[in-house]
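Quick caveat, the model's predicted, so the values are computed rather than measured. To find a chain, count down the sequence lines: A is the first, B the second, and so on, and within it residues start at 1.
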There are 2 protein chains.
Amino acid sequence: MSQQPSAARARFDRSTWVGVDPSEDEQRRPPLTRPRIVRTALRLADDRGLVALTMRALASELEVSPMALYNHVRDKDELVDLMVDLMLGEVDCSASQGDWAAQLRALVCSYHQVLSAHRGLARIYSVGVRLGPHGLLIMERTLGLLLRAGFSAPDAANAFYALYTYTVGFHQMGRIATLDAPTPDSGTDDQLPRPMAKYGSALPPEQIPSVVAVGAHLDGVRRKGGFEYGLDALLTGLRVKLAGDHDGVPSRPHSSR
Amino acid sequence: MSQQPSAARARFDRSTWVGVDPSEDEQRRPPLTRPRIVRTALRLADDRGLVALTMRALASELEVSPMALYNHVRDKDELVDLMVDLMLGEVDCSASQGDWAAQLRALVCSYHQVLSAHRGLARIYSVGVRLGPHGLLIMERTLGLLLRAGFSAPDAANAFYALYTYTVGFHQMGRIATLDAPTPDSGTDDQLPRPMAKYGSALPPEQIPSVVAVGAHLDGVRRKGGFEYGLDALLTGLRVKLAGDHDGVPSRPHSSR
DNA sequence: ACCTGAACACCGTTCAAGT
DNA sequence: ACCTGAACACCGTTCAAGT
C-alpha cells in the first residue's frame, strides 16, 4: 500500500529475467542516442503537453537516469531547439505551382499544418528562436520566393518576418476567454445560441455591443479558415505593395507621416 | 560569512526602530493590497524580466512573506492575468481620425507600443489569454470599427483575430538566430558587413544564398518599421477583401478550392 | 481577516563517484 | 565514454498556526 507498486514490479521483472535472455532485454532498451532522446521528447510533448516535458519525465520515459540525458544534450534549451528542428523537418519545402504568392501560400500553409500537429511545441516556439538546418531551409525558401518575386532585400526581410510572426503567433494565441472560468455546463456543442456568458463577466453587455454581436464567431476562428483568412489578407497586401513599388505609387493605407 | 547578511540586517533594523516612530515605519510599508501587488509585479517584470517574476521575489520586493500574496490573489496565473489587464489599460482606445483602416491602424499601433514598453509581459501574453475589462474594451473597439466598416460578423471575428495574432506574435518572436550562439565580438554596431557568421553555422552558405543575400536586414526588422510593414499589408488585404465582398468578386489570391 | 514559518512535491543542473 | 545517486538552489502552493 505504502510502497510504489510499479517500481517494485519493475525491479522484480528485471532481477528475475536478466540472464535468461539478455539480448531480449537489450531489445527492449535501445541505446541512448541524441536522435532517440529528441524523438522521444517530441512525442512526449505531443502526447502530454508542454508542461509534462520535464528532463526527469523524459528520462523516466527512456528508462534512464535524469543525468544520462546530459551526456547527449547540453541543457533543456538545446533539447527544445533540437525538437523544434525535428518538427520543422516535416514542413514541405518542395516547389509548388502558381505564382510567387501561391507558392508562398503553400509553404506557409504547410508550416501551419506542422505546427497544428505539434501544438505543445508550437507554444514555446517563439521565446528564443534558434534555427537549425530545417528552419534555415524554410527561411531560405521563403526569402528566395520573395526575392525572385521582386522584393528588395529589406522588404523581403520585412515580409518574411511578417508571415513568420503571423503564423507562429497564431499557434501561440490560446482561446480567447475572460477572467471568469468558462462555464463547463454546455453539454451539446460550441454553436450555442447564448455564448455571452463567457464574455459578459468582466464588463456589462451594454458596454460591449460589438463583442456581443460577434461573440459566437470568435471561438470558431481557430477551427474554421481563420488562419487562411489572415494569411490571404497578408499576401494580398504584399502583392499590392510589390505592384505599388513597381509603379512608383506608395501603397501605404494612409501616408500620414 | 555563512549567514545571510541582508536578512540579518533587516531583522536588526526592524527590532531597533520599531516603537520609536511606528507611523514612519507604516509609511515605508504601505498596506498590502491587490492593486499594489499587481503594480509591483508589473514593475518587477519590466525591470528584471519575466524569469525574475517569482511569487517569492515579488513577496520580498513587497517586504512580506510569500504566503501573504495568496490572501489577495488566487494563484500566479491570476496574478499574470491582472498584470496583463493593468498593462492593457495604457492602450489608447479613444477615437481617432481617418477612415476605419486608419483608426484601426492607430489602435493597433498603440497596442504595439504598449507591448513594446512591457516586453517581459508581452512574452507570456499569448499562452492563456484571459481578458479583463481593459482587454475587452480594446476588443470591443476593434470589432466595432470592423463592423461599422461593413465586415460581416464572421469576417470581423477573423480580421480581429488576425490583427491580434500578428501584433502579439510580433512581440513573442525573439531575435532570429541559429543554434550557434551569436558572436559577441562585434564591437561597433549592427550594420556589420559580414553578418553571416551567425546564419552560416547550421548550413553551408552555398545552400542558403537568399538568406545570405538578405542577412544583414533580418536583424533590423524589429527595430525599424518592421511591425508597421506587416500591419499595413494586413490592413491593405482587409480593405481589398471588403471591397471585393461589396463587388461580389472573390478576393482570394488563388481560389484553388 | 490577514499574515507567518515550515513543509511538500516538484524543477534544472552540478558534482563526485562508479563502470 | 557513458551512466548513476546524492545534493544544491530553486519553484508554486498547502497547511496549521499565530494575531
Side-chain angles (χ1 to χ4, degrees), chain A residues 2-4 6-7 10-11 14-15 18 22 25-26 28-38 40-41 44-45 48-83 120 124 127-128, chain B residues 1-8 10-11 14-15 18-19 22 25-26 28-38 40-41 44-45 48-83 120 124 127-128:
Chain A
S2 61
Q3 312 176 25
Q4 301 91 337
S6 63
R11 174 192 282 264
R14 180 70 43 83
S15 60
V18 83
D25 195 45
E26 206 70 22
R28 293 191 150 278
R29 242 227 275 199
L32 195 62
T33 64
R34 205 168 145 109
R36 197 163 88 89
I37 290 175
V38 178
T40 307
L44 204 155
R48 295 207 273 269
L50 241 188
V51 75
L53 180 66
T54 266
M55 296 303 271
R56 290 166 133 102
L58 175 59
S60 109
E61 184 81 10
L62 290 161
E63 291 180 285
V64 99
S65 150
M67 289 312 100
L69 303 173
Y70 288 87
N71 287 306
H72 303 85
V73 149
R74 185 203 296 272
D75 53 17
K76 196 183 178 182
D77 280 349
E78 195 195 58
L79 175 64
V80 171
D81 290 338
L82 295 170
M83 291 168 65
I124 216 174
V127 178
Chain B
M1 268 308 195
S2 62
Q3 312 175 24
Q4 301 92 336
S6 63
R11 173 191 282 263
R14 180 68 44 83
S15 59
V18 83
D25 194 45
E26 206 70 24
R28 294 191 149 276
R29 241 226 277 197
L32 194 61
T33 64
R34 205 168 144 107
R36 197 163 86 90
I37 290 175
V38 178
T40 307
L44 203 156
R48 295 208 273 270
L50 241 188
V51 73
L53 180 66
T54 267
M55 295 303 271
R56 290 167 134 102
L58 175 58
S60 109
E61 184 80 11
L62 290 160
E63 290 180 288
V64 98
S65 151
M67 289 311 100
L69 303 175
Y70 288 86
N71 286 307
H72 303 86
V73 149
R74 182 203 297 269
D75 52 18
K76 197 183 178 182
D77 279 348
E78 193 194 59
L79 174 64
V80 170
D81 289 337
L82 294 170
M83 291 168 66
I124 216 174
V127 179

Name the residue from Glu61(B), Arg48(B), Met83(B) that meets the side chain to side chain contact (heavy atoms under 4.5 Å, CB included) definition with Leu53(B). Met83(B)
Take the protein atom CG of Leu69(B) and the nucleotide atom P of dT4(C), then report the distance between them rounded to whole Å. 9 Å
Could you run through nucleotides 12-19 of chain D and give me one letter per nucleotide, 5' to 3': B if any protein heavy atom sits under 4.0 Å from the base, S if only the sugar-phosphate is that close, - if neither? BBBB----
Figure out the CG/P separation between Leu62(A) and dC3(D), and round it to whole Å. 11 Å
To check you understand the geometry: which heavy-atom pair defines the closest contact between Glu78(A) and Arg74(A), and what is its length? OE1-N, 2.9 Å
When Leu79(A), Val38(A), Val64(A) are each screened for side chain to side chain contact (heavy atoms under 4.5 Å, CB included) with Leu58(A), the one that passes is Leu79(A)
Give none if dT13(D) has no partner; otherwise give the nucleotide forming a Watson-Crick or G-U wobble pair with it, both distances under 3.5 Å. dA7(C)
Once you round it to whole Å, what is the distance between P of dT4(C) and CD of Glu63(B)? 11 Å
4.5 Å side-chain heavy-atom contact, Pro66(A) and Arg56(A): yes
Are Leu62(B) and Leu69(B) side-chain neighbours, meaning at least one heavy-atom pair lies under 4.5 Å? yes
dA1(D) phosphate, OP1 or OP2: any side-chain N/O from His72(A) under 4.0 angstrom? no
Quick one: does Arg34(B)'s side chain get under 4.5 Å of Ile37(B)'s, heavy atoms only? no
